[in-house]
Amino acid sequence: MSQNSKKLNMVQAINLALKEEMQRDSSVVILGEDVGRDGGVFRVTEDLLELFGDERVIDTPLAESVIVGAAIGMAAYGLKPVAEIQFMGFIYPTIDQIFSHASRIRNRTRGRFTCPMVVRTPYGVGIKAPDLHSESTEALFCHMPGVKVVVPSSPYNAKGLLISSIRDPDPVIFLESTRLYRLIKEDVPEGEYTVPLDKARIVQEGKDVTVIAWGSMLHRTLQAVEEFDAEVIDLMTLSPLDEETIFKSVKKTGRVVIVHEAPKTCGFGAELSATIAEDAMLYLKAPLIRVTGYDIVMPLPKLEDYYMPTVERIKKRIEEAMKY
Amino acid sequence: MSQNSKKLNMVQAINLALKEEMQRDSSVVILGEDVGRDGGVFRVTEDLLELFGDERVIDTPLAESVIVGAAIGMAAYGLKPVAEIQFMGFIYPTIDQIFSHASRIRNRTRGRFTCPMVVRTPYGVGIKAPDLHSESTEALFCHMPGVKVVVPSSPYNAKGLLISSIRDPDPVIFLESTRLYRLIKEDVPEGEYTVPLDKARIVQEGKDVTVIAWGSMLHRTLQAVEEFDAEVIDLMTLSPLDEETIFKSVKKTGRVVIVHEAPKTCGFGAELSATIAEDAMLYLKAPLIRVTGYDIVMPLPKLEDYYMPTVERIKKRIEEAMKY
Amino acid sequence: MPERIIESFNIKRLDILDENGNEDESLMPSLSDSEIKRIYELLILSRTFDHHALSLQREGRMGTYASILGQEASQIGSAFAIERSDWIFPSFREMGVYITMGYPIHMLFQYWSGDERGMKCPDDLNIFPLCVPVGTQVPHAVGAAMAVKYKKDKAAAICYFGDGGTSKGDFHEGFNMAGVFKLPVVFICQNNQWAISVPREKQTASKTLAQKAFAYGFEGIQVDGNDVFAVYKATKEALDKARDGNGPTFIECFTYRMSDHTTADDATRYRSKEEVEAWKARDPVPRLKLFMEGNGLWTGQYQKEVEEKSRDMIDEAVKMAESIEPQNPKDMFAYTYGKLTSRQLRQMRDF
Amino acid sequence: MPERIIESFNIKRLDILDENGNEDESLMPSLSDSEIKRIYELLILSRTFDHHALSLQREGRMGTYASILGQEASQIGSAFAIERSDWIFPSFREMGVYITMGYPIHMLFQYWSGDERGMKCPDDLNIFPLCVPVGTQVPHAVGAAMAVKYKKDKAAAICYFGDGGTSKGDFHEGFNMAGVFKLPVVFICQNNQWAISVPREKQTASKTLAQKAFAYGFEGIQVDGNDVFAVYKATKEALDKARDGNGPTFIECFTYRMSDHTTADDATRYRSKEEVEAWKARDPVPRLKLFMEGNGLWTGQYQKEVEEKSRDMIDEAVKMAESIEPQNPKDMFAYTYGKLTSRQLRQMRDF
Ligand SMILES: Cc1ncc(C[n+]2csc(CCOP(=O)(O)OP(=O)(O)O)c2C)c(N)n1
Ligand SMILES: Cc1ncc(C[n+]2csc(CCOP(=O)(O)OP(=O)(O)O)c2C)c(N)n1
Ligand SMILES: [Mg+2]
Ligand SMILES: [Mg+2]
């Protein structure tokens, strides 16, 4: 780990991770819409074109399926592509390539060809944007064996997780909360450090209730738990899941509240509840509670604040758990 | 309900539903690859081209996204398209159209445009077929508000559910188990009858344990429960979920085993467990158990029997539940 | 059996009205004086709308907005050829089309302010809502055209998208299906030279976009997209051809996006002032003005009246939009399905 | 400024060897006698493989299989031009390509019997596994070509697909990207006239498939796909062009699927005997035989030897395939990720 660190926001931290990995390893290349000259619509890839040239920072045509599909071919050939999908709402046309190929090429060829690729995409409610600019459908990708799903919650872990993702031998979906991009600054060391892809993080210890969150919801959760003796877990990597950290906490607290932005039905909270209900049921004192988006089409900005779990809603449900 | 009934397998029952609905309502049209002249690769649409002509039974180019995308346009215009995707493994390129449009057009236009469309597709392990011919990713669609997900388990309910799906004002993903297509024959009445899209079915009553399944897994489940006093629920419609029937059963038995073919993580079983663990926890005597496919890429035929929940595996897990 | 030529194509370009307001008489579409004035008034109205929308966004009274500045001739010229029984499938940058068709302007402001009620198209029009995911509206237009054909309706579908949209898989699949079934659909590409920061020549290596139609067995044509007569003529002919059962047409309107991509964009990061300046000379509005002046259809007084009327209409629409009662949060649930699910009913108790 | 032509195209067709074994000398590629014999032997070997595969399937010793009968010239002719350093992206019907490249034949049987180990490509070859979802391999080839270009390797990517594959969005997006970046990739479409039951003319309304390349700014050519010389020549030139940095080429091999779509299909449901009969006359194998005979490269004795050797090789491969130790069920887990997850480790305890 390096000596110097700077206060960076998440955009800057991710940019730094990309820059350092590209300096370290010439097989790392970036591709996507507007990632070059424009530096990305959120400026995450700013300056990288100037530093690394247009064969490594590739402005592609407007075509998501071939962005990911070409990344698969590049990865199999020996590069480490980092593809950007401009918003998570535009990742759907790539699902065929991700599910049919990226996740399977290792298995299909018994390891002869692999897919060390990262697909970065901004996710979630956050910038008062139109239709399909606020998606949070991480659960879809968690259902697909062969893919990993990573959601940083702070500039520090964003950098470390992205470096791990780039070096990972398998495809990683890397979700960046638009709400967090410029919300918080944090000390981020220069130089390489990694945050492992199979460990959740205890953000705060507590005895009465375990609250599990990731990405932008972590911050609302931290506000909501102020009046409780709550243990807060930031998953960071959703798939593969760090069950151990969860079980340990559940055994201690006996109460669980899960918070996510996606609609409730079949959100990743379902998997967490089910895992706990199957393997740690006997430690539970209270029902497993999910605080989530509603089972509706994500509304446009005028109503979006009603859609997302608010600090109030989270608090109320924690109180409910505490009644047992 | 009509007087006559015939012993039909599921292929024939679905064919009959299509035929009758097309006779009844000229706005019902079929489109897909090889649905016309060839009668569908599973012969589900056999004879319909001859009966209804090529403007209603449309052999399309090989292009899944536009099959579903065009169906959306047809539905908005006032038709009731039934699109066929040849195998569930080829539904992935349509996810963009389904998630971005079919599921949202009603909301986006406050009901001015709607999408009364059915997407039929064969799913699951069953015919010793290559890569991507055995998918069971129903959970993905259950996470998407605005879409309904239906999985028949017998010729009788296949016909009734399909008729309901065609008449439903919203998009329905209709999953047909390849394993069941010709496995069982059953009395299927001629003439119209419907099976509602919001009701699960108690296949057998029991006191000790609730076993929940759908589609092809229902049949393995029924074999597995022979030695138990088990209540077996066939969900039939996964989304929207009939929670009431489940809760009622859970309150009675206090034990739950869920069986599905898809990989465990984020399968639909997760939602069922989570729902029960949140709203019926206090009635539970045992952990919530899921018997599922493994978290791996579905293997090719030589190993596929090891992948799927077997009668033995289901039994063993029921026994486990019974220990509490 | 040597190497031989088995198929040949020519790609055509249509220009009628030049930058000085001079028209090619042999090509002029038949438009009455009052129709030409109506077109001019729609150009001004749309530009006024655009201007106000940009201001409102800057004042924080509206969300991100995609300007149509410079593309008015492509939009109004084409939309002016559409019948009310036709079905329209826009992308997200067709405010001029909505306005030409008579879509309530206050609803456009309402939509851009983040209220979905603005996209509840009036019953006597068939305009699909703004399509955010680029290119995905192409299959919808194709499907509607299939329905038109099956129902033997006298109508056509018309589909709008940008140069960037031509790169998407759905463009291809939709075009191909339109060709195979010879569907009554007209595809209009506003080639405004940019897809956010990606210039046209990096979007595709083909010399024109129009030529892409030949890959699907139907005709493509490039028109001067800043020439309202050329756009109108090409669209009118294509729609007539479609309604007559003679299949699809692809029209590439060669135009320019004078503004930033959206209010969230800064185009100076990726394109030169000189380029923008050069296109200013090709502005679609002054050339129609010059034409009209030359033909005795334009005076300074007329201009003042048109501008005033436009401003009034837009002011009125903004006022209406801003005085609409806010949505009840419960409305979020109401249009997910035809009927609320039991889960939703429980979730709604939060409100 | 009238309506004017701004771009023109000609689509070419290449034929060298006719049905009677007569060649167009001016077009003949430079191939030594022994190379021509090698090609002939690969045709026979591939046909023998195909024949055995169909029998094994019928006997229940193998799963569903997609026959290559009739398409051998397209496959062997093109593959014969490929270097071992090139990267190959097949669809699911390229057994002739695998065999030409020297892929272990027993592994092909192993794969078609439902054992994924058959797709573990040997380290000295770069053939991607069979691609089941139609058209989705096109982007992979494009990505590999981007990597080739970035690494400045002297190699090309070559991508196979069928006439049906040209309808898919991924075909379009991949072709477009190949054109934009002028990538070292050769696209080979085996237009075998059918996509299961859908005939070529219902797949797309364009007169040729070759012409689709012009939509992406590069060259397309149609060749007689039953003429091994024409296919070889076009592929060789395209690969050389690619390796020299002169961008992509699209080759439409005009051929015919003589068998059912797969062993699960019954082609008599949708196509006429007459059509199939007519194509028999165009079989790629006899015409090469006639050519060789005319040039003193073929005798009855030679034929016998080639056939025997092929049969022996295939018999041997089948024996090998069938004597391979079955996979351990635990192997299902081994290649999901580089490392087993803790969940998987627990799940593996079932075995
Ligand atoms: C599928 C998809 N990918 C990315 C975006 C983000 N985006 C919005 S507009 C745009 C560029 C569109 O360019 P073009 O089609 O030329 O239309 P224009 O903006 O010029 O009108 C992009 C990349 C999107 N909306 N949809
Ligand atoms: C995306 C997708 N849709 C459908 C299928 C089922 N299917 C397998 S082969 C085939 C036809 C392919 O036709 P073509 O591309 O001409 O290749 P050919 O079979 O003639 O070699 C179809 C529809 C598939 N494999 N992938
Ligand atoms: Mg543009
Ligand atoms: Mg074919």
Side-chain angles (χ1 to χ4, degrees), chain B residues 32-43 46 49 54 58-67 69 86-87 89-94 96-97 127-133 135 263-265 291-307 309-310 312-313 316-317, chain D residues 63-66 92 110-119 129-136 162-171 195-199 202-205 261-262 264-267 269-271 326-337 341 343-344 347-348 350-351:
Chain B
E33 295 157 14
D34 306 293
V35 294
R37 226 149 139 194
D38 199 33
V41 290
F42 285 104
R43 308 289 174 253
E46 184 141 40
L49 174 70
D54 66 3
I58 305 164
D59 271 329
T60 65
L62 206 172
E64 282 76 12
S65 185
V66 75
I67 291 172
Q86 213 157 66
F87 281 93
F90 311 136
I91 208 170
Y92 300 133
T94 76
D96 188 26
Q97 285 291 343
I127 51 157
K128 294 270 168 209
D131 216 4
L132 282 156
H133 284 71
E135 302 289 297
K264 183 170 202 166
T265 302
V291 193
T292 69
Y294 299 109
D295 284 314
I296 60 173
V297 176
M298 173 66 219
L300 290 186
K302 285 261 162 124
L303 293 183
E304 72 183 25
D305 288 339
Y306 295 101
Y307 167 81
T310 56
E312 273 322 300
R313 265 170 71 200
K316 234 179 84 190
R317 303 302 306 276
Chain D
T64 310
Y65 170 73
F92 49 85
Q110 190 184 6
Y111 170 77
W112 286 107
S113 307
D115 180 340
E116 33 274 282
R117 289 175 301 175
M119 278 297 121
L130 290 205
C131 183
V132 167
V134 168
T136 53
D163 42 308
T166 64
S167 295
K168 286 283 292 182
D170 274 354
F171 160 94
I196 307 188
S197 72
V198 178
K202 286 198 173 175
Q203 193 62 244
T204 181
H261 169 69
T262 64
D265 177 52
D266 171 10
R269 293 175 65 92
Y270 51 77
R271 68 184 187 185
Q327 273 182 289
N328 185 319
K330 286 192 188 190
D331 285 1
M332 296 192 299
F333 294 84
Y335 298 98
T336 318
Y337 297 99
T341 68
R343 248 181 200 217
Q344 290 182 311
Q347 293 179 353
M348 279 171 79
D350 282 0
F351 299 96

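Numbers restart at 1 for each chain; the letters A, B, ... are given by sequence-line order, proteins then strands.
- Within the 4.5 Å cutoff, the side chain of B:P93 has heavy atoms near those of the D:K168 side chain.
- At a 4.5 Å heavy-atom cutoff, the contact between B:V41 and chain D is made by side-chain atoms alone.
- Between chain D and the residues B:Y294, B:Y306, B:Y307, B:Y92, the largest count of heavy-atom pairs under 4.5 Å involves B:Y294.
- Between D:T336 and B:I296, the shortest heavy-atom distance links the atoms OG1-CG2, 3.7 Å.
- D:K202 has no carboxylate O lying under 4.0 Å from a charged side-chain N of B:D59, or vice versa, which leaves the two without a salt bridge.
- In terms of modelled atom types and a separation under 3.5 Å, the side chain of D:Q347 and the main chain of B:D295 share a donor-acceptor contact.
- Of the possible polar contacts, one joining the D:E116 side chain to the B:L300 backbone as a donor-acceptor pair under 3.5 Å is found.
- Without hydrogens or angle criteria, B:D34 side chain to D:S197 main chain gives a donor-acceptor distance under 3.5 Å.
- The choice from D:A334, D:P329, D:G164 that makes the most heavy-atom pairs within less than 4.5 Å of chain B is D:P329.
- Proximity to chain B (any heavy atom under 4.5 Å) is restricted, for D:F351, to the side chain, taken from C-beta onward.
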> Would D:V134 and B:F90 satisfy side chain to side chain contact (heavy atoms under 4.5 Å, CB included), going step by step from the backbone distance to the final call?
Replying inline: CA-CA 9 Å; D:V134 168; B:F90 311 136; over 6 Å; no
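- In this structure, no portion of D:D170 lies under 4.5 Å from any heavy atom of chain B.
- Interatomic distance, CG of B:L62 versus OG1 of D:T204, reported as 12.5 Å (0.5 Å rounding).
- For the set D:D115, D:L130, D:V132, D:D266, the entry with the most heavy-atom pairs within less than 4.5 Å of chain B is D:V132.
- Residues D:I196 and B:E33 fail the side-chain proximity criterion, which asks for heavy atoms closer than 4.5 Å.
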> Going through the checks in order, is the side chain to side chain contact (heavy atoms under 4.5 Å, CB included) test met by D:T64 and B:I127?
Replying inline: CA-CA 10 Å; D:T64 310; B:I127 51 157; over 6 Å; no
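- Distance check, rounded to the nearest 0.5 Å: NZ of B:K302 to CE of D:M332 gives 15.5 Å.
- At a 4.5 Å heavy-atom cutoff, the contact between B:T60 and chain D is made by backbone atoms alone.
- Interface remark: B:E304 contributes no atoms to any contact with chain D (heavy atom separation under 4.5 Å).
- Heavy-atom distances place the side chain of B:L132, and not its backbone, under 4.5 Å from chain D.
- To the nearest 0.5 Å, atoms CZ (D:R269) and CD (B:E46) are separated by 4.5 Å.
- If you measure heavy-atom distances from B:E312 to chain D, you find no contacts under 4.5 Å at all.
- The candidate with the highest count of non-hydrogen atom pairs below 4.5 Å against chain B, out of D:S113, D:G169, D:A264, is D:S113.
- Contact annotation for D:Q344: only side-chain heavy atoms (C-beta onward) come within less than 4.5 Å of a heavy atom of chain B.
- Contact detail for D:S167 and B:A63: the closest heavy-atom pair is O-CB, 3.5 Å.
- The closest side-chain heavy-atom distance from D:P199 to B:R37 is below 4.5 Å.
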